[in-house]
Amino acid sequence: MHIRVQREPFDFGEECGRFGQDGRNVGAVVSFLGVVRDDSGDLASMEIEHYPGMTEKALGAIADAAMSRWDLADLLVIHRFGALAPGEAIMMVATAARHRAAAFEAAEFLMDYLKSRAPFWKKEIRREGSAWVQARDDDEAALGRW
Amino acid sequence: MHIRVQREPFDFGEECGRFGQDGRNVGAVVSFLGVVRDDSGDLASMEIEHYPGMTEKALGAIADAAMSRWDLADLLVIHRFGALAPGEAIMMVATAARHRAAAFEAAEFLMDYLKSRAPFWKKEIRREGSAWVQARDDDEAALGRW
Amino acid sequence: MVNVLYFAWVRERIGLPREEIETKAETVADLVAELSGRDARYAAAFADVSALRVALDQQLSEFSAPLNGVREVAFFPPMTGG
Amino acid sequence: MVNVLYFAWVRERIGLPREEIETKAETVADLVAELSGRDARYAAAFADVSALRVALDQQLSEFSAPLNGVREVAFFPPMTGG
């Protein structure tokens, strides 16, 4: 189980290349990458604030919940903070399991909880002013399925 | 949209590193890797037979269905055939979309249809004899959710 | 003339990956009956049709489907890709 | 003494990331009432408590929760990670 909270970029390809494929009981690996999107075309940067200390605890608790709910061979969470440019990788999760259902479900569970239960806040810095990203009702609702 | 059916190995990390992250409207990338599992510990190799011609058509139709059902920026399917060793990569899918729900759903849809509708057959070559992998009832049942 | 292809254990039981067949069978089921009558290997391969799938010109199809105009028929067990 | 932390727009409205507070507030809600009374910046930050979340010693909690024994209180908007 690997959890990293960092300012530095990470290399999604490299992480995928070395994650979870060494056990002979791993049949399925799922990974998710979150990228800074620029819908309006005038995003200068995305600033991600977090709560050092609580962030690591919250991610650890979410990861523990996934490990105890599904039979996972391994699990990875990386989340960045600081100023990110459009197109940059924000975060990733990866799960390894015997079967695909567990790997997919655990990855979606991690994402749903990360979105609404890990203390990160995003601010969009645009040429025409800045704004905090609002939490979406359906992100909160997504927790209901677990 | 990229579909490859090949005997040669592919590099999952490298594929993940270059897939789907160039559009400014991509916020979510999901990838799935299938690996040769050795549950009993005596698997010599996994032989994958396919139906050249039909395989490409079936994968193309499944990919088209995913592209028309979800708003995807890109989609990748790679499936190998021939003799594979335990731990080797069998196949992968990847999806890129604005939001995570579409990327996850499309990847799971691709996997469910690939499992039961693309003409591949797996044979396990064990020290104590060989056997064709049986289709699982729940693989067929998985199609019901789409 | 129709090209008939066999995959996986169907291929192994029959002992051939493909053959050209001259047939008057009107449906897939007719063709299966005709092939099953040939010898024990074919009879074994087609013993339980519910365990088989059929593709006509590389499209999954039904055993009740007509064969007119079809150039390639493939028999195989349920697929196990992924 | 309790350490009070502010994040995102709560931090921006109050103009501070953290402060040490001497308080006799028994619950989070009491502390919010006390802070809101300080000046317009605090009043603006805490105007709509339903838009806020609170963590006590780095665990998500409720505004009705007691403060005794708590060393760190954090106020922030709903989280938007991922």
(Q) At a heavy-atom distance under 4.5 Å, which candidate from B/C16, B/G17, B/G20 has the highest pair count against chain A? (A) B/C16
Q. What do you reckon, is CD of A/Q134 surrounded by more than 12 foreign heavy atoms closer than 6.0 Å?
A. no
Q) Does atom CG of B/D42 have more than 12 heavy-atom neighbours, drawn from other residues, nucleotides or ligands, at distances under 6.0 Å? A) yes
Q: Please indicate whether B/D137 has more than 12 foreign heavy atoms, meaning atoms of other residues, nucleotides or ligands, lying under 6.0 Å from its CG.
A: no
Q. If you count heavy-atom pairs under 4.5 Å with chain B, which of A/D112, A/T95, A/V93, A/V36 comes out on top?
A. A/D112
Q) Roughly how far apart are A/S31 OG and B/F12 CZ, rounded to 0.5 Å? A) 4.5 Å
Q: Compare every heavy atom of A/D38 with every heavy atom of B/N25, then report the nearest pair and how far apart it is.
A: OD1-O, 4.1 Å
Q.
Could you report the tightest heavy-atom contact between A/R98 and B/R37, atom names first, then the distance?
A. O-NH1, 3.0 Å
Q | Under 4.5 Å from any heavy atom of chain B - which part of A/A107 | A | both
Q) To the nearest 0.5 Å, what is the distance between CZ (B/R100) and CD (A/E108)? A) 8.5 Å
Q: Take atom CD of B/E128 as the centre, draw a 6.0 Å sphere, and report whether it contains more than 12 heavy atoms from other residues, nucleotides or ligands.
A: no
(Q) Can you confirm whether B/Q6 is buried at CD, in the sense that more than 12 heavy atoms of other residues, nucleotides or ligands lie under 6.0 Å from that atom? (A) yes
Q: Tell me, for A/R18 versus chain B, whether the close heavy atoms (under 4.5 Å) come from the side chain, the backbone, both or neither.
A: neither
Q) Which region of A/D11, side chain (C-beta onward) or backbone (N, CA, C, O), has a non-hydrogen atom less than 4.5 Å from a non-hydrogen atom of chain B, or is it both or neither? A) neither
Q: Take the angle between the ring planes of B/F104 and A/F104 and call it parallel below 30°, perpendicular above 60°, tilted in between.
A: perpendicular
